[in-house]
Amino acid sequence: MHAAVVSYLQVALDVPLQRTFDYLWAGPAPTVGSRVVVPFGKQTLAGVVVAVSAELDPARGLTVAQLKASQAVLDDMPPLPADILALCKFCSDYYAWPLGQVIAAALPGALRQPQPWQGGQALQFWQALDVTALLGQLSPRAHKQRAVAEALAVPRSIEQVRAVAHDGGRWLKEWIAAGWVVEAVPQADTAPPQASAHPDLTACQASAVARLNAAQGYQPFLLYGVTGSGKTEVYLREIEARLAHGGQVLVLVPEINLTPQLEARFRLRFPHEHIVALHSGLADGERTRNWLLAAQGRARIVLGTRLAVFTPLPHLALIVVDEEHDQSYRQQEGFRYSARDVAVYRARQAQVPIVLGSATPAIESWRNMREGRYTLLTLGQRAVTGAKPPQMTLISTQQQRLFDGLTQTAINTLRDCLDAGQQALVFINRRGYSPVLACHECGWIASCKRCDARLVLHREDRRLRCHHCGWESPPPAQCPDCGNADLQPLGFGTQRLEETLTGLFPDTPPLRIDRDNTRRKGSLDAMLQQVHAGEARLLVGTQMLAKGHDFAGLSLVVVVNADAGLFSTDFRAQERLFAQLLQVAGRAGRAGLPGRVLIQTRYHDDPFYPQLMSGDYAAFADRVLQERKANDLPPYSAWAMLRAESKTLMRAVTYLREAVQLLRTQPGIHAGAPIPALMMRKANQERAQVLVSSSSRPALQSAMRFLMGELLQKKAPGVRWYIDIDPSEA
DNA sequence: AGCACGCCGACT
DNA sequence: GTCGGCGTGCTC
C-alpha cells in the first residue's frame with residue numbers, strides 16, 4: 001500500500017479577479033497548462049493550471065481545509081505550452097488584466113466551457129478508397145453527391161465535406177458504414193511544395209526575400225511598400241522557405257472580411273499545406289478545431305485576426321503581421337491589447353523573425369525602424385502594372401462657401417462624373433473624431449495654452465476641455481483672432497450630407513454604406529452588388545469602403561471632412577488619415593478610367609497635404625516623429641488611461657481624483673485631471689478618464705501596479721474602473 | 001462576472 | 001402576509 005497522492009493546483013479562472021485560486025487534486029500531478037473543471041462558489045468553472053506543487057505553499061495564506069477539490073482534469077486539448085502561458089503572464093502584467101481572463105481570451109470558446117469538448121471527431125480526416133468506384137455507385141444526376149465524392153480523393157474533415165454540400169456529413173457517414181470511405185491522415189509533409197505560379201520578383205522583392213531568408217532567431221523587419229508593390233508575394237516566398245524547414249507560420253491580418261481573398265491566395269499557393277483560419281467569424285466548433293490543429297502542429301499555416309496571436313504553435317518559425325498599422329489589431333473591449341505588439345513580443349520569445357508589413361507603418365514601428373531596432377525592407381516600384389496613381393486635388397474651403405459640407409467645385413465635379421455615367425464616392429469619416437472647435441473664417445483652432453493640444457468641446461455642459469491636462473473653460477463667444485461669432489466644430493455639417501446629395505442629384509440617389517446600415521448579415525454584400533451592377537452610382541461611405549473593395553466604374557472620390565481628422569485630439573489621427581486617404585484614393589480609377597481625388601480642406605498650407613499629394617509617407621512619418629518627440633507624446637512617453645464608470649459622473653470623477661492623488665506620490669509620473677468621457681452615458685453609466693504618463697515605461701508600469709494594489713484594497717461602491725495601457729486615443 | 005444574502009415597496 | 005428590487009460581499 002502506498003500513500004494517496006495529493007497535488008495542489010494553482011488555477012487561473014475566467015473571473016475579473018487579480019489572483020489565481022488553489023485546489024486539491026487527489027492524484028498524480030497534472031501538467032501545468034492543463035484544463036481543469038473546478039467548483040467556484042456555487043458555480044462550476046473551467047480553468048487552466050498555472051502551477052502545481054506537492055505541498056501547499058504557506059505564502060498563499062490558505063489552509064488545506066479551505067481548499068476544494070478539482071473535479072476533473074480534461075484531456076480535450078494539449079496542455080497550454082509553457083511559452084503560451086508565459087505570453088499570457090506577460091500580457092496580464094503589461095496590460096494589467098487578470099491572468100485567467102487573458103488565458104480565456106487565448107482559448108477558443110468551446111475550451112472555456114466546464115465540459116469536455118465533444119468535437120474531437122472533427123479532427124479526423126476521411127478519404128475515399130477508390131473515388132472512381134465510388135462515383136460508379138452514385139447516380140450520374142446526383143451532382144452534389146458526386147462533388148463530395150470527388151472532394152474525398154484527398155483527406156477531408158467533416159467541415160470540409162459539409163462545405164462542399166450541405167448534406168455531405170450524412171453521405172460521409174453512409175459511405176464510411178459501407179466501407180467506401182476510411183479514415184486517413186493528411187500527408188501535408190510528404191508533398192513537396194509545388195513550383196507552380198511563382199510570379200517573377202521585382203528587384204526590391206528579391207532583395208527583401210533574400211534578407212528574410214537570411215534571418216536567424218529573433219529579427220523584426222518592417223516591410224514598407226505602397227499598395228501594389230507586392231508585399232504578399234514577399235510573405236509567400238518567405239513562408240515557403242520556413243515551411244520547407246519544417247516550421248509553422250503565423251500570419252495576422254486586420255479584418256475578417258479580408259481573410260477569404262487572402263486565404264484563397266494562400267491555398268492556391270500551398271495546395272498541400274494545412275492552412276487554418278482563426279477569427280471571430282468562425283463557428284465555435286470550427287475555430288476550436290482549427291486552434292487544435294495548430295496546437296498539435298498539424299496545421300502549419302495559421303491565418304488569423306488579432307485573437308490568433310495567442311495560438312499555440314509548437315514549430316513556430318515566422319510571424320507575419322500584414323497591414324501592421326491597422327487599428328483593428330487593438331482590442332478595444334475587455335482585455336485591451338495590441339496584437340501587433342504582442343506578436344513582436346512573441347517573436348522575441350520564440351526567437352523567430354517577424355515581418356511587419358504596411359504602406360503606411362504605425363509611427364511606433366517607424367520609430368523602431370529609424371532607431372535601428374527593426375530592419376527596413378522597402379518595396380519601391382509597383383509590381384502590378386496598369387493601375388495609374390490617381391490625380392489628387394485640394395479644394396480650399398477658405399474661398400468657397402460650404403453647402404452642407406460640400407464646395408461648389410466638388411458639386412460640379414460630382415455632376416460631371418455622374419453625367420458621364422461613372423461612379424463617385426463621397427468619403428466622410430466621423431468615427432473617433434472629437435469635436436474640435438474652429439473658426440471656419442480664419443482657421444483658428446481652440447488649443448490648450450498649457451500643452452499645445454487641441455481642446456475638445458463637451459456639448460453636455462458646454463465646456464472646452466484639454467484631454468491632456470484637464471484644463472477647462474467655457475467656449476469663447478467669438479473667434480479670438482478674427483472676431484467671427486460663428487464657431488463650429490471641425491467636420492460639422494456632414495450630418496445632412498446624404499439629404500443634400502439626394503437634393504442635388506435626384507436621378508442618382510446616394511447609397512450610404514457604413515457600419516450602421518451594414519450590420520445585418522449579407523446587407524453589405526447586397527449593397528456592393530448594387531454598386532458593381534452600376535445601380536448605385538453615387539456612394540456615401542466611411543472608412544469601411546476604404547479597405548479592400550474594388551469598384552471598376554469608380555472614377556471620383558471626394559473627401560469632405562479631412563480637417564476633422566487632421567486636427568483631432570487623438571495624436572494618432574494624422575497617420576490614420578494619411579493611411580486612409582491613400583487607401584481611399586486607391587479606390588478611384590482602377591479600370592483604365594483616370595481616377596480623381598478631391599480633398600476639401602481649410603488648411604491647405606499644412607505640411608500634411610504636400611506630403612500626402614506626393615505620397616511621401618517616409619517624410620510624413622519622420623515629421624510626425626519629430627513632433628511627437630517635441631511634444632513628449634508616445635512613443636517618446638508611455639501612456640496609460642485610467643477609466644472609471646459610475647451611476648453619477650461626480651462619483652467617477654471623485655474616484656479618479658483620489659487615484660490621481662495616489663499616483664502623484666509615485667516618482668516620475670504625470671497624472672492629469674479627470675475628464676468626463678465624450679460619449680458620456682453608456683448603459684446608464686457615466687464615465688470619466690484620466691491620462692497617466694511617464695517618460696519611463698518601467699516607472700509607469702510600477703506606478704500602475706501600485707495603483708492597482710491600492711484601488712483593489714479600497715472599496716468603492718458602484719464604481720467600476722480599469723486601466724488602458726497604450727490607449728489608442730486621448 | 002455570477003450568485004448569494006439582505007432588508008424595504010406593491011401584490012397573487 | 002409574500003415576490004422582488006438591486007446594494008454589498010465572496011468566490012480557493
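Everything numeric in this text was worked out from a predicted model, so none of it was measured. Every chain is numbered from 1 and lettered A, B, ... according to where its sequence line falls, protein lines coming before strand lines.
Between the side chains of A/Y94 and A/R697, a donor-acceptor pair is found at a separation under 3.5 Å. Inspection of the A/S695 and A/S637 side chains reveals no N or O donor paired with an N or O acceptor under 3.5 Å. A donor and an acceptor atom, one from each side chain of A/H467 and A/T569, are nowhere located under 3.5 Å apart.
Counting to the nearest Å, the P atom of C/dC6 and the CZ atom of A/R720 are 16 Å from each other. C/dC12 atom C1' lies 10 Å from atom CG of A/L56, rounded to whole Å. A/L712 places its CG atom 15 Å from the P atom of C/dG9, with the value rounded to the nearest Å. Rounded to a whole Å, the CD atom of A/Q101 is 14 Å from the C1' atom of C/dT11. We find that CZ of A/R651 is positioned 8 Å from P of C/dT8, with the value rounded to whole Å. Rounded to whole Å, the distance from CD on A/Q18 to P on C/dT11 is 17 Å.
Salt-bridge check for A/D726 with A/R336: failed, with every basic side-chain N at 4.0 Å or more from each acidic carboxylate O.
Phosphate proximity of C/dT11 to A/R19: absent, as no side-chain N or O sits under 4.0 Å from OP1 or OP2. Phosphate proximity of B/dA4 to A/K42: absent, as no side-chain N or O sits under 4.0 Å from OP1 or OP2.
Residue A/L62 is classed as a base contact, given a heavy-atom separation below 4.0 Å to a base. Within 4.0 Å (heavy atoms only), A/L17 reaches at least one base atom of the nucleic acid. If you check every strand for non-hydrogen atoms under 4.0 Å, A/F40 touches a base.
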